[in-house]
Each structure stands twice: as structure tokens, then as C-alpha cells.
Number of protein chains: 2
Amino acid sequence: MDQEKQETQIKAETQDEILLAALQLFAEKGYFNTSLIDIKDHAGIKNTSGIYHYFKNKNAIAAALYANIFDSLNVSVDEIRRRNNKSSEQLRGVVDLLFKLTQDAPDVMKFLLLVKYDEFLADEKPIMETSATIKIVKIIQTGMNTGEIRAIDPYLAYGFFFGVVNNTLRLILSGALDKSPDFYLSQTWLAAWNSIAKKTNV
Amino acid sequence: MDQEKQETQIKAETQDEILLAALQLFAEKGYFNTSLIDIKDHAGIKNTSGIYHYFKNKNAIAAALYANIFDSLNVSVDEIRRRNNKSSEQLRGVVDLLFKLTQDAPDVMKFLLLVKYDEFLADEKPIMETSATIKIVKIIQTGMNTGEIRAIDPYLAYGFFFGVVNNTLRLILSGALDKSPDFYLSQTWLAAWNSIAKKTNV
DNA sequence: GTCTATACGCCGATAGAC
DNA sequence: GTCTATCGGCGTATAGAC
């Protein structure tokens with residue numbers, strides 16, 4: 001590894017440490033209760049000025065997290081659409097993904113479900129306009145065309161379906177439901193699907 | 001009206017103005033983006049010190065709002081339980097109430113559904129432990145006993161049902177669904193009920 | 001690219017006159 | 001119970017040496 005490459009590597013690592021620390025703290029305490037002091041301590045940096053070499057300000061850290069998470073979500077949704085044909089299968093894939101994330105990366109899901117972005121990320125797209133969301137709505141529309149899903153406002157159906165899924169995950173993440181995500185997966189899928197399916201398959 | 005009564009009346013009015021202003025601002029911008037300056041301007045008070053005669057600090061305003069809203073919700077749930085017998089009817093009553101509130105008092109519902117209390121009200125009960133929530137869970141448990149509702153973890157069923165309802169209301173309040181609450185009421189009720197009902201009644 | 005030191009603004013909160 | 005004035009502190013952000 002030549003000198004230049006190693007330096008960018010190190011730079012990327014420090015940046016990632018800051019992002020990881022911020023993610024954990026934002027997920028745990030919220031954006032406004034997290035100071036740059038907290039972040040520098042958590043990231044193992046000597047003082048706050050170091051942060052400003054990687055991010056313009058505190059807000060930019062949150063914006064980077066937001067972008068990373070939704071980009072990766074968008075990629076995952078693409079894969080899921082590629083690997084499955086029926087709308088029900090694709091939605092099931094998304095639910096599986098969200099449950100797996102809740103298990104493996106709870107901070108990511110806490111950030112995703114428990115944080116109110118618009119209070120500090122006014123310039124970012126609202127969740128309903130992100131690529132991932134739009135693609136999921138398309139899945140639902142397709143399901144309506146093929147007759148799997150009841151013909152209603154697609155955004156309403158989106159709200160029903162992910163109301164069930166996300167609210168269950170919220171209860172798990174907040175400790176109100178004490179079993180592991182896997183325990184609730186099949187029941188949650190069924191309830192979510194029942195809320196929008198045409199023929200109720202019990 | 002005698003002098004003393006009039007004074008307490010005036011005091012109560014000023015206090016209510018502060019609470020109303022705070023409710024609107026918290027609902028719109030969030031707790032941390034709202035300063036006491038904002039509140040005093042919105043409430044038509046000359047300066048911030050006035051606020052401290054009615055509330056110990058900014059946090060106490062939020063705590064009072066929280067208590068007021070959940071108390072009144074609790075009373076409403078009691079009434080609903082008194083007026084209806086079947087679990088399905090009682091749940092329907094709660095849904096009707098929440099939709100009506102979304103129509104008539106959107107700020108109250110924004111505060112209820114869009115604000116993360118635990119970031120600034122660490123000492124208050126979490127929502128899942130409020131009287132109103134506990135009573136609703138009881139309704140669900142009764143419905144399971146009588147066979148109306150599938151036999152699953154009552155808190156999970158609560159999560160399913162109000163996942164559908166609250167998420168729909170969230171989309172309405174945030175403008176992602178553009179019709180009035182009434183337009184979505186019957187569909188939402190059906191979807192929510194389908195997510196927990198034993199016999200799916202289409 | 002990391003450190004020390006420090007500036008600066010905002011906001012919550014208080015003291016005390018009236 | 002309302003006003004004027006002001007404090008103290010925190011937290012963001014910058015300047016500049018190394």
C-alpha cells in the first residue's frame with residue numbers, strides 16, 4: 001500500500017469513527033441532546049476541532065448519516081426487487097430486511113424509526129420522497145394491478161403496511177416488546193399483509 | 001364575579017395562553033427548536049420572565065402539556081368503554097376519537113404522534129405505561145377472551161392496530177396524505193381491525 | 001492533519017425594582 | 001404579578017501554532 005492510499009484510508013477510518021459515534025449517540029439520546037463533546041469522546045478524538053476537518057458542522061454529520069442509511073436502503077430494495085417477482089414476495093423481502101437490521105444494527109433502525117429528521121435536517125428530502133420509499137410504493141401499485149392488494153390510495157396502503165411493521169419494530173427497539181425481532185417476524189408480516197391484501201389469507 | 005375569582009381566572013388564562021403557544025410551537029418546530037422567546041412572542045407576553053411565574057422552567061411547560069393531553073385522553077377512553085360493550089366497538093370509538101382530534105386539534109395530535117417525549121421528559125411515564133394505553137390493552141385482551149381478536153401478545157396486537165391508525169394519522173398530519181381525516185377513517189379502521197381480528201370480515 | 005486556546009452567540013434562568 | 005436588566009453557562013465554531 002503506497003503512502004497516499006494509506007492516508008486516505010486513515011482519513012476514511014476517522015471519518016467512520018465519527019459517524020459511528022454520532023449514530024449511536026443520536027439513536028440513544030437524540031440529536032439535540034448530543035454535543036460535539038459527546039461525539040469526540042465517543043469517537044476517541046482528542047478535541048472537537050478535529051471533527052471540523054471531516055464535517056462542516058454538527059448538522060453535516062447528521063446529513064451524512066441520513067444519506068448513507070437511505071442510500072444503502074435504496075440499494076437493498078433494488079436487490080430485493082431483482083430477486084423476487086410477486087409484490088407479496090418483494091414486500092416480504094423488505095420486512096425481512098428491516099427485522100434483520102433491527103437485530104444486527106439496532107442503532108441504524110433507531111435512527112431510522114425514532115429520530116425526527118425534519119427538526120434538524122430541513123433541507124433533506126422527507127422520507128416519503130426518498131428513492132427507497134418511492135420504489136416500495138411502486139411495488140404496492142404493481143400488487144394492486146395484479147390483484148394481490150386492495151385497490152386504494154397507494155400511499156395509504158404504504159401507511160397501513162409500514163404502520164404495522166415499523167410500529168412493531170419501534171416497540172421492540174424501545175423495549176416494550178421483550179423478545180427478539182425474529183420472534184415477532186411472521187406474525188408481523190401476516191398482520192401487515194392482512195391490512196392491505198385483497199384476499200385475506202389466514 | 002368577585003375580585004379573587006377574577007384574578008385566578010386571569011391567571012389561568014395567561015397560563016393557558018402559554019400552554020397553547022407552546023403546544024403550537026412544539027408541534028410545529030419541536031421542543032429544542034422552540035425558545036422561551038418564541039413562546040413569549042406567541043403568547044403575547046412582554047418578556048420571558050413572566051413565564052417563570054407560571055412554570056418552573058421550559059421543561060415544566062412540556063410536562064404540563066403532556067399531563068393535560070394524556071389525562072384528557074384517559075377520560076375519553078373511560079367514556080368510550082362505558083358507552084360500548086364489544087371490544088371492536090370500543091376500539092372503533094378510540095379510532096373515531098383520534099380522527100376527530102386530528103381534524104379539530106391537529107396540534108394536539110402532532111404533539112401526541114410526532115414528538116419524542118423521552119428526549120426532554122425523562123421522568124414522565126413512557127406512553128406504553130400511561131393509563132389510557134393500559135386501558136386500551138385491556139380492551140384488546142377482553143377481545144381475545146371473547147374470540148373477536150386473535151390470541152397473540154396483547155402489546156403486539158396493540159402495536160399492530162395503532163401502527164395502522166397512528167401511522168395513517170402521521171401521514172395526514174405531515175401532508176403526505178392530502179385528503180381530510182374523514183376520508184380515510186373507514187378504510188383505516190378496516191385495515192387496523194383486519195390486522196388483529198380473528199375472523200377477517202371483508 | 002491534529003492540537004491549544006479562545007471567541008462568540010444564544011438561551012435559560014435569576015435578581016430586584018415597581 | 002409584571003417589568004428591566006443582567007448573569008452564567010453551554011456548545012458551536014474558528015484562529016493559528018505545530
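Below, read A as the first sequence line, B as the second, and so on, with proteins coming before strands; counting in each chain starts at 1. Quick caveat: nothing in here was measured; it's all calculated off a predicted structure.
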[N] [atom2] sits how many Å from [X] [atom1], rounded?
X	N	atom1	atom2	value
B/H53	C/dG12	NE2	P	17 Å
B/F55	C/dG12	CZ	P	15 Å
A/Q15	C/dT2	CD	P	11 Å
B/F32	C/dC11	CZ	C1'	13 Å
B/I18	D/dT2	CD1	P	9 Å
B/F120	C/dG12	CZ	P	13 Å
B/I61	C/dG12	CD1	C1'	11 Å

Next item on the list: Give the intermediate values and the outcome of side chain to side chain donor-acceptor pair (under 3.5 Å) for residues A/Y31 and A/N59.
Entry: CA-CA 9 Å; A/Y31 177 83; A/N59 208 259; 3.2 Å; yes
Residues pairing under salt bridge (charged side-chain N to carboxylate O under 4.0 Å, His left out) where one sits in residues 72-82 of chain A, two or more places apart or in two chains, turn out to be A/D78-A/K135, A/E79-A/R83
Run the salt bridge (charged side-chain N to carboxylate O under 4.0 Å, His left out) test against [X] and tell me which residues pass, sequence neighbours left out.
X	value
A/D182	none
A/K100	A/D104
B/K138	none

Sequence neighbours left out, what passes side-chain hydrogen bond (donor to acceptor under 3.5 Å, both in side chains) with B/S35? Give chain and number order.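 Expected list: B/D38.
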Protein heavy-atom contacts under 4.0 Å, written 5' to 3' over nucleotides 4-12 of chain D as B (base), S (sugar-phosphate only) or - (none), form the string BB------S
